[in-house]
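As structure tokens, the structure follows; a few thoughts come after it.
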Amino acid sequence: MNPTKHIIEVVPAPTNPDIPVLTFGERVNVEALSELNAIIADLVAQKKFQVIADLTQTNHIDGSVLGVLMGFRGQAVAAKGNLILAGVTPAVEKALHVMGVHKLFDIYPAVYNAVQQFEEAARVETITLAFPSSLDFVPCVRDFISNIASMRGFEGKEAYRIQTIVDEICNNAIEHGSKESDSVINVRCTIDNDKMDLVVEDKGASKDSAEGLRRAVAKVQFTEQGKVSVEKRGRGLPIVAMLADMLEIDTRSGPGTKIHIVKFKKQENEYFTL
Ligand SMILES: Nc1ncnc2c1ncn2[C@@H]1O[C@H](COP(=O)(O)OP(=O)(O)O)[C@@H](O)[C@H]1O
Ligand SMILES: [Mg+2]
């Protein structure tokens, strides 16, 4: 083995110099392990957790090297980053399948696409909707919002929970809040890579529903960590409180009611992380 010959080069991504690219050589076996571990230690020390492994030239990769990459990927994901594989050759793809980890890694055709993926993940998007206070619109609105959640990487179960939350809150806004048929329900949904933040606002609550709201809020208990627990299981708001990571009910800032919820993205496949 020639000790001066590097098996892995670290270069900045051409279209985004903040993202390091580990460019692997043709054969990556156990001899590359110490070099890889040193590179990873350096990335961790610099808190660089958005990293691309470029495997375009690689025709052989050892399981032990993949194991180290899996470990780093887990660390990166825990730090809200990722290790994305780019340019996976058929030989490397086979190695990933043999180890059963092909679904664990995000894989893109080239470094350029992996950079785009990181840039997309950093996007914060706000969608606002105003719809007439009629139950006819609720199915469209709940599907629209949960589709946005799926599009931004919320898994099926979580997107379904968001659908339920939107359903309950919008039904309430129409049934108990904006009763006038010419009234409008406003929805504001802000989504980033970690969470969805949702506000549903109606234009006016009658006195009797304000009392109902107080009783419903009384059922919802906030723990010291800010998480929500529900005293009694019931319909509507208690269910929303259970499904959301944060629920805030504001009846003071105007004649109507403003419901604010936050739902964090859960990574259900994280058990795979080394
Ligand atoms: N947007 C709202 N405006 C006024 N009152 C509301 C609103 N949302 C909920 N409420 C009050 O809170 C109560 C509890 O709501 P919820 O738990 O969804 O049960 P339900 O809608 O089945 O009555 C409602 O009955 C109503 O009195
Ligand atoms: Mg309800």
Side-chain angles (χ1 to χ4, degrees), residues 124-152 154-192 195-266:
V124 179
E125 291 166 315
T126 298
I127 298 102
T128 55
L129 266 178
F131 68 95
S133 179
S134 157
L135 291 174
D136 294 346
F137 289 98
V138 176
C140 314
V141 173
R142 64 164 192 238
D143 290 354
F144 179 63
I145 303 288
S146 78
N147 284 345
I148 289 167
S150 308
M151 195 177 82
R152 288 299 304 263
F154 279 79
E155 290 180 357
K157 207 156 81 181
E158 294 295 295
Y160 180 71
R161 286 177 175 158
I162 287 174
Q163 197 180 48
T164 306
I165 290 169
V166 174
D167 193 55
E168 292 295 343
I169 293 177
C170 288
N171 281 338
N172 281 354
I174 294 161
E175 282 173 357
H176 311 299
S178 300
K179 282 188 178 153
E180 316 293 311
S181 58
D182 60 349
S183 193
V184 161
I185 310 296
N186 287 295
V187 179
R188 195 201 67 215
C189 165
T190 305
I191 189 155
D192 60 31
K195 62 183 180 305
M196 180 180 269
D197 182 301
L198 195 69
V199 176
V200 176
E201 214 172 341
D202 62 59
K203 292 283 187 268
S206 61
K207 282 195 186 109
D208 56 315
S209 61
E211 174 53 31
L213 200 51
R214 261 196 298 278
R215 268 188 274 115
V217 175
K219 283 197 213 167
V220 179
Q221 305 262 305
F222 288 85
T223 65
E224 275 176 12
Q225 293 78 34
K227 286 196 179 150
V228 124
S229 70
V230 175
E231 222 174 51
K232 268 193 249 163
R233 284 192 167 215
R235 248 191 57 80
L237 285 176
I239 292 175
V240 171
M242 206 161 56
L243 296 180
D245 294 297
M246 197 279 293
L247 165 67
E248 207 172 55
I249 299 166
D250 182 359
T251 52
R252 288 161 304 173
S253 58
T257 297
K258 197 160 137 186
I259 307 281
H260 178 197
I261 76 111
V262 177
K263 182 102 183 97
F264 286 98
K265 195 192 280 180
K266 311 264 185 327

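Remember, it's 1-based here, ligands and their atoms both numbered in the order they're listed. Remember, it's a predicted structure, so these values are computed and weren't measured experimentally.
Lys258 contributes no side-chain N or O that, together with a main-chain N or O of Val199, makes up a donor-acceptor pair within less than 3.5 Å.
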Give the intermediate values and the outcome of salt bridge (charged side-chain N to carboxylate O under 4.0 Å, His left out) for residues Arg152 and Asp192. CA-CA 8 Å; Arg152 288 299 304 263; Asp192 60 31; over 6 Å; no
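For the pair Pro238 and ligand 1, the shortest N or O to N or O distance does not fall below 3.5 Å. Inclusion of Asp202 in the set of residues having an N or O under 3.5 Å from an N or O of ligand 1 is warranted. Checked against a 3.5 angstrom limit, the closest N/O atoms of His176 and ligand 1 fall inside it.
The Mg ion (ligand 2) has an N, O or S atom of Asn172 under 2.8 Å away, backbone or side chain.
Each of the atoms 16 (P), 17 (O), 18 (O) of ligand 1 lies under 4.0 Å from some heavy atom of Gly236. Residue Gly177 approaches ligand 1 through these ligand atoms, each under 4.0 Å from one of its heavy atoms: 3 (N).
Contact annotation: for Asn172 versus ligand 1, heavy atoms closer than 4.0 Å belong to both the backbone and the side chain.
No more than 12 heavy atoms of other residues, nucleotides or ligands sit less than 6.0 Å from atom OH of Tyr160.
The shortest side-chain heavy-atom distance between Phe144 and Ile127 falls under the 4.5 Å cut-off.
Atom CD1 of residue Ile249 and atom CG of residue Leu237 lie 5.0 Å apart, to the nearest 0.5 angstrom.
Note on Asp245 versus Lys266: salt bridge recorded, some NZ/NE/NH1/NH2 to OD/OE distance being below 4.0 Å.
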